[in-house]
Amino acid sequence: MTHGLPAQQASLLPETDILEQLKEIPGCKVKPLANWQGQGWELILKQPLDHNNPKAGYFKQHIYLKHTDTQAPTVLVTEGYSLRGLRDYELAALLGANQVRVEYRYFGESAPPKRKGWQYLRNQSAADDLHRIRQLLGKIYQGPWINTGISKGGQTSLIYRRFYPEDVAATVAYVAPMALGLEDPRTDRWQDSIGSDACRESIRVFQRSVLEQREAGLEVWTGYAKANKQTFPIGAEVAFEYAVLEYPFSFWQSGVDCHSIPASDAPPTELTAHLLEVVGTSLYTKKGIQAYQAHFYQAMYEQGYYGFPTAPVSDLLRVAQQASNRIFAPQGIEIPFQAGFVPDILDWLDEHGDKILYIYGEIDTWTACAVHPNPVRDALKLTVEGGNHGVRLKHLTSEQKQLAYEKLESWIGINIQSR
């Protein structure tokens, strides 16, 4: 397979040659990835906390590289969180591409000691990380580069383009939200309008039923946590109420079947089991809060987020009347919200956002914060009918795929052979 290039230009270097070139990258440790034997490595790259001030210190950023061909396209996966195991992204498979996945700074193993200095967790700095990786690996992989990401990673892919528009030939952003405010009211309005009246009423009734049978439900909730060796730093009852308030957002984000909602007179075990299935406990546990603390810091500082509509259950709340996602961000520090950050990204996309493919799910709650590309831009937005936060290229209709592939071919300059 030559990826749309003349056969004589397709140059596959021996593994040892690639490995030697990777080892020559300054401050980079290279480890083989067993599941991608002979064609995959973990790169642990020394990165400055502040790319404009080396004295600020460094952290070690983890990168997964899957090698195909030095002249093939390279898909740069701009992860928004930690690297969660080995994955083959559909775009890399579609293009026969090399794949570079970058763990976001301050997440997973790519965190400075004790997450030194929250002031270094900035979207600009994360874009600087990606740019440096692009420069270093671009010396080896000389085909066209395309970046992609999902959810927060999709958001990252767009932010990266804003700061380094020439680094890649195209961007594919999946379900990428751009929230306008700490609690974007568009998500509330979305939950009040998506789906049928009957389904939305069932959601409201379910929330109330859970809280009306609070004591029995809490017993199931805490029993589940104990069985899974989970503890709640914010308190079990607080976590329980937050999960009830979170339920509508998670319901539409995950695309839950309305018919799966238990009846209002269902026993507490059934009600709580459904709550556990849709929302779960993990975010509220010690491990979960630690894993996503950096995410909530970013949401509270630059990226914005969503709030919790409490009106449907306000009379039944005991401990979360003033519910806010700020509870999951680092405590004891000021986090002044930068209200102009997201509007700046959106303004750039409106004026310069070419060669970007946006994919959203019709019923996904985050679609309330979707980007609406300027019609004059060379960009394409596709929405999957009935789709949730898990939509991908493979979920597009035949007609939508045709549009997407034609755009990608024109942007990247290769022939997509599998369509």
For [Y] together with [X], are the ring centres under 6.0 Å from each other?
X	Y	result
Phe163	His131	no
Trp118	Tyr106	yes
Tyr247	His274	yes
Tyr284	Phe232	no
Phe308	Tyr242	yes
Tyr306	Trp366	yes

Does the side chain of [X] pick up a donor-acceptor pair with the side chain of [Y] at under 3.5 Å?
X	Y	value
His372	Lys381	yes
Gln253	Thr365	no
Tyr174	Glu90	yes
Gln47	Gln61	yes
Asp129	Tyr104	no
Glu302	Asn123	yes
Arg105	Ser110	no

Heavy atoms from other residues, nucleotides or ligands near CD of Gln322 exceed 12 (cutoff 6.0 Å)
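Atom CD in Gln322 is not packed in, count stays at 12 or less.
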
Would [X] pass as a cation-pi partner of [Y], given that its NZ or CZ must be under 6.0 Å from the six-membered ring centre and within 45 degrees of the axis?
X	Y	answer
Arg84	Tyr81	yes
Lys46	Tyr58	yes
Lys287	Tyr292	no
Arg87	Tyr89	yes

Side chain to side chain, [X] and [Y], heavy atoms closer than 4.5 Å:
X	Y	result
Tyr164	Asp128	yes
Leu136	Leu45	yes
Val75	Asn98	no

Salt bridge or not for [X] and [Y], using N-O below 4.0 Å?
X	Y	result
Asp197	Arg200	yes
Arg214	Glu237	yes
Asp378	Lys407	yes
Lys66	Asp88	yes

Taking [Y]'s backbone N and O only, do any of them form a donor-acceptor pair with [X]'s side chain (distance below 3.5 Å, no angle check)?
X	Y	answer
His352	Leu349	no
Gln142	Gly138	no
Glu103	Glu109	yes
Thr367	Gly361	yes

How would you list all residue pairs meeting disulfide bond (SG atoms under 2.5 Å apart) that involve residues 235-344, not counting sequence neighbours?
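Found Cys199-Cys258.
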
Intermediate values then yes/no, ring-ring contact (aromatic ring centres under 6.0 Å, His included), His51 and Tyr120
CA-CA 10 Å; His51 288 260; Tyr120 300 115; over 10 Å; no

With Tyr160, the side-chain hydrogen bond (donor to acceptor under 3.5 Å, both in side chains) member among Asn147, Thr78, Asp167:
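When side-chain hydrogen bond (donor to acceptor under 3.5 Å, both in side chains) is applied between Tyr160 and each of Asn147, Thr78, Asp167, only Asp167 qualifies.
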
Between Lys29 and Glu42, does a salt bridge (charged side-chain N to carboxylate O under 4.0 Å, His left out) hold up when you go through it step by step?
CA-CA 8 Å; Lys29 181 179 180 181; Glu42 179 179 13; over 6 Å; no

Sequence neighbours excluded, which residues qualify as salt bridge (Lys or Arg N to Asp or Glu O under 4.0 Å) partners of Glu79?
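By the salt bridge (Lys or Arg N to Asp or Glu O under 4.0 Å) rule, Glu79 matches Arg101.
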
Quick one: do Thr281 and Tyr224 satisfy side-chain contact (heavy atoms from CB on, under 4.5 Å)? Show the steps, please.
CA-CA 9 Å; Thr281 57; Tyr224 175 88; 3.6 Å; yes

